[in-house]
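Start at 1 and go down the list; that is how both ligands and their atoms are numbered. Not measured: the values here are computed from a predicted model.
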Amino acid sequence: MKKIAVMGSGNGSNFETIVKYFAQKPEMEVDITCLTDDVNAYILTRAKNLGVKYKYLPFEQNGSYFAVNNFDLIVLAGYMRILPDDVLNLGKFINIHPSLLPAFKGKDAIHRAFDAGVKVSGVTIHHVTSELDGGKIIAQYPVLIGNLMHFDEFEAEIHNLEHKLYPIVIEKLLKDEVFDFADLLGGCSG
Ligand code: GRF
């Protein structure tokens with residue numbers, strides 16, 4: 001049995017796809033807890049609807065919580081605060097970001113990448129440090145931006161990619177598997 005926590009402050013679409021992915025892999029026995037620092041976050045509604053354990057965890061209580069609750073992996077998915085080192089030392093934290101880091105760190109990355117006119121953007125999954133979107137990169141996948149692409153289309157593609165990529169990478173990490181592009185979504189050109 002692997003225990004993971006998914007921490008989010010907002011919509012929770014990545015959380016939902018992670019839950020659904022592992023529900024289809026009962027042999028992996030992944031036990032998921034949803035944690036949020038915002039009682040009004042939609043991620044909580046999703047957790048209730050999906051029948052997943054959830055907890056409101058105020059930012060100030062992260063240290064005391066993770067000191068006594070051990071997880072194999074703590075997955076940030078739209079968590080809007082910077083975690084300090086004393087909390088990060090209590091577990092293995094990963095995050096997903098909607099750009100090809102180190103480009104476009106921080107908020108509104110999808111908009112800023114599009115407005116900058118980049119022709120390749122994508123999704124990054126990385127270790128979490130106390131530097132915003134600064135930890136070592138675990139996985140990346142590109143999205144190409146054609147000249148006729150509208151922002152909405154680009155944004156949808158980024159989110160679809162996040163939803164496909166995050167569960168696969170979490171599975172690889174939980175299994176301690178080494179992986180490359182070809183093991184993710186059928187290769188870089190796919
Ligand atoms: C995602 O775009 C993720 O990359 C970023 O925050 C967003 C969270 O979306 N860190 P959701 O709450 O999972 O729908």
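Residue contacts with ligand 1 for His97 involve N, CA, C or O but no side-chain atom from C-beta outward (heavy atoms, distance under 4.0 Å).
No close placement of the Phe93 and His127 rings is indicated, their centers lying 6.0 Å or farther apart. Taking the six-membered ring for Trp, Phe181 and Tyr141 have ring centres closer than 6.0 Å.
The shortest N or O to N or O distance between Gly12 and ligand 1 is below 3.5 Å. Looking at ligand 1, you won't find any N or O of Asn95 less than 3.5 Å from one of its N or O atoms. Here's the thing with Gly10: none of its N/O atoms is less than 3.5 angstrom from an N/O atom of ligand 1.
Comparing heavy-atom distances from atom 11 (P) of ligand 1 across Ser13, Ser99, Gly78 singles out Ser13 as nearest.
Residue His159 places a heavy atom under 4.0 Å from ligand 1.
Under 4.0 Å is where a charged nitrogen must lie from a carboxylate oxygen, and between Glu171 and Lys25 at least one such pair does.
Side chains of Ser13 and His163: a donor on one and an acceptor on the other come within 3.5 Å. Between Asp85 and Ser130, the side chains place a donor N or O and an acceptor N or O closer than 3.5 Å (distance only, hydrogens not considered). Counted by atom type alone, Glu153 and His150 present zero donor-acceptor pairs between their side chains at under 3.5 Å.
Among all non-hydrogen protein atoms, the one lying nearest atom 9 (O) of ligand 1 is Asn14 ND2, 3.7 Å. The protein heavy-atom contact nearest to atom 10 (N) of ligand 1 is Ile96 O, 3.0 Å. Scanning all protein heavy atoms for the shortest distance to atom 2 (O) of ligand 1 gives Glu162 OE1, 2.9 Å.
Close approach of ligand 1 to Asn11 is summarised as follows: ligand atoms under 4.0 Å from at least one heavy atom of the residue are 12 (O), 14 (O).
Note: Phe59 and Tyr79 have parallel aromatic rings, judged against thresholds of 30 and 60 degrees for the angle between ring planes.
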